[in-house]
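Reviewing the structure listed below.
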Amino acid sequence: MNKIKVFIDGQVGTVGLQLEKRLRARDDVELLEIDPQDVKKCEDPVRRKERILQADAVFLCLPDEHARASVAMAPADTLVIDSSTAHRTSPGWAYGFPELSPAYRAAIAGGRRIAVPGCHATGFIAAIYPLVSAGLLPRDAMLSCTSLTGYSGGGRDLIAAYQTNRKADDPLHAPRPYALGLNHKHLAEMRAVCELEWEPLFLPVLGDVYQGMLVSIPLWGTQLTRPGGARAVWETLSEHYRDSRNVRVMPMAPELPGGALDLTACNGTNRLELFVFGNETQILVISRLDNLGKGASGAAVQCMDIALGLE
């Protein structure tokens with residue numbers, strides 16, 4: 001069997017290293033590498049273009065500007081999977097969330113340009129897209145969302161800040177809300193994919209944990225187009241993801257250890273779990289995922305498998 005030649009452009013970053021770990025464990029993939037010890041070679045556009053032209057599939061783990069430059073180097077028939085923000089709402093790019101609908105999956109299967117969803121956006125869209133598409137939640141709903149995440153999604157400098165020796169009173173031990181200008185880069189895809197008239201009021205919060213994510217969306221029963229409250233939301237999500245392998249809708253009112261959700265329970269997997277709490281009046285939907293798994297590298301590998309007919 002011929003192996004799939006894969007190049008990870010940005011292989012020394014957090015997502016790139018996670019991709020390398022996942023792909024190196026497979027016997028159907030040949031990684032085209034640039035010596036990660038030589039940073040200058042990794043950043044050399046000539047050397048990167050050589051690898052891109054040799055590859056069957058290219059993963060981009062780069063800042064937006066550099067991702068656009070790498071896409072320009074790739075032949076039209078080369079599979080390019082971009083984990084940056086650069087192309088998530090761009091025409092001609094498939095949005096890499098196959099569980100949303102048969103149409104999304106078909107676009108990935110037939111595409112050669114695929115944008116991997118943002119980690120926060122993945123949790124929000126997983127909860128809201130089915131409710132809007134089923135007509136249970138109107139498109140003009142004004143929503144809010146809070147996402148508690150591990151610090152690994154912040155890149156090398158932030159990881160280094162968290163992993164250096166810290167005193168007991170170091171402020172990094174406490175949760176840290178950020179993007180308080182209300183202009184987080186994931187907002188555009190949250191609104192566009194869910195076809196909402198308004199961007200959600202979004203508050204991301206860094207926790208003192210390496211990876212893991214809980215994305216929480218509160219709803220009011222009065223926002224829904226029919227009665228039923230939390231039960232109606234749970235039934236709609238359960239039906240939508242009934243045949244999904246990676247997205248699971250958990251039982252209502254589950255027994256939780258200590259009465260709390262563990263941020264890290266999906267780490268190391270490509271799983272996303274949806275929880276629904278509440279009653280007729282107040283509803284809370286929570287997505288739990290690995291921000292480096294279904295929120296990044298896991299989703300990217302899943303998209304490659306679908307696009308190449310491997311899944």
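The analysis underlying the following values was restricted to heavy atoms, covering all of them including side chains, and did not include hydrogens, waters or symmetry mates.
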Do [X] side-chain atoms and [Y] backbone N/O form a donor-acceptor pair below 3.5 Å?
| X | Y | answer |
| --- | --- | --- |
| Tyr241 | Ala126 | yes |
| Arg113 | Thr78 | yes |
| Arg191 | Leu196 | yes |
| His240 | Leu100 | yes |
| Arg88 | Val116 | yes |
| Glu189 | Gly118 | yes |
| His173 | Lys167 | yes |
| Gln223 | Ala141 | no |

Would a single hydrophobic cluster contain both [Y] and [X], if residues Ile, Leu, Val, Met, Phe, Trp and Tyr are joined by side-chain heavy-atom contacts under 4.5 Å?
| X | Y | result |
| --- | --- | --- |
| Tyr95 | Val58 | no |
| Met190 | Leu131 | yes |
| Leu284 | Trp220 | no |
| Leu182 | Leu206 | no |
| Ile286 | Ile283 | no |

Intermediate values then yes/no, salt bridge (charged side-chain N to carboxylate O under 4.0 Å, His left out), Arg26 and Asp28 = CA-CA 6 Å; Arg26 294 174 53 153; Asp28 61 342; 3.0 Å; yes
Would you mind reporting whether [Y] and [X] have side-chain heavy atoms less than 4.5 Å apart?
| X | Y | result |
| --- | --- | --- |
| Val80 | His87 | no |
| Ser297 | Phe59 | no |
| Arg226 | Leu136 | yes |
| Val301 | Asn270 | no |
| Leu137 | Leu143 | yes |
| Ser101 | Tyr129 | yes |
| Val71 | Arg68 | no |
| Leu201 | Leu203 | no |

Go through the steps to decide whether Ile306 and Ile114 satisfy the test side-chain contact (heavy atoms from CB on, under 4.5 Å), and finish with yes or no.
-> CA-CA 11 Å; Ile306 293 172; Ile114 301 170; over 6 Å; no
Test side chain to side chain contact (heavy atoms under 4.5 Å, CB included) applied to Met213 and Asn267, Leu148, Leu292, Asn291, the passing residue = Asn291
Restricting to non-hydrogen atoms, name the atom on [X] and the atom on [Y] that form the minimum distance, rounded to 0.1 Å.
| X | Y | answer |
| --- | --- | --- |
| Thr225 | Gly135 | OG1-O, 2.6 Å |
| Ala127 | Ser287 | CB-OG, 4.2 Å |
| Ala300 | Leu19 | CB-CD2, 4.0 Å |
| Ala161 | Arg166 | O-CD, 4.1 Å |
| Ser84 | Leu62 | CB-O, 3.2 Å |
| Gly268 | Asp290 | N-OD2, 2.9 Å |

Out of curiosity, [X] [atom1] to [Y] [atom2], how far, rounded to the nearest 0.5 Å?
| X | Y | atom1 | atom2 | answer |
| --- | --- | --- | --- | --- |
| Leu23 | Glu30 | CG | CD | 12.5 Å |
| Leu214 | Cys266 | CG | SG | 9.0 Å |
| Ile159 | Thr14 | CD1 | OG1 | 3.5 Å |
| Ile108 | Ile81 | CD1 | CD1 | 9.0 Å |
| Ile4 | Asp305 | CD1 | CG | 7.0 Å |
| Cys119 | Gln211 | SG | CD | 11.5 Å |

Going by the salt bridge (Lys or Arg N to Asp or Glu O under 4.0 Å) test, name the single residue among Lys5, Arg24, Arg51 that passes it with Glu33.
-> Arg24
Partner of Glu99 under salt bridge (Lys or Arg N to Asp or Glu O under 4.0 Å), picked from Lys294, Arg242, Arg271, is Lys294
The complete set of ring pair (Phe, Tyr, Trp, His ring centres under 6.0 Å) pairs with one or both residues in residues 132-158, sequence neighbours excluded, reads Tyr151-Tyr162, Tyr151-Tyr210
Worked verdict on Cys194 versus Phe124 for side-chain contact (heavy atoms from CB on, under 4.5 Å) | CA-CA 9 Å; Cys194 294; Phe124 177 84; 4.1 Å; yes
Answer with yes or no whether the side chains of Asn246 and Ser244 bring together a donor and an acceptor at under 3.5 Å.
-> no
Using a cut-off of 6.0 Å, state whether more than 12 heavy atoms not belonging to Asp140 lie near its atom CG.
-> yes
Would the Phe202 and His120 ring centres measure less than 6.0 Å apart?
-> yes
Before accepting this row, confirm whether a basic side-chain N of the pair Glu197/Arg139 lies closer than 4.0 Å to the acidic partner's carboxylate O.
-> no
In terms of ring plane angle, is the pair Phe275 and Phe277 parallel, tilted or perpendicular, where the classes change at 30° and 60°?
-> parallel
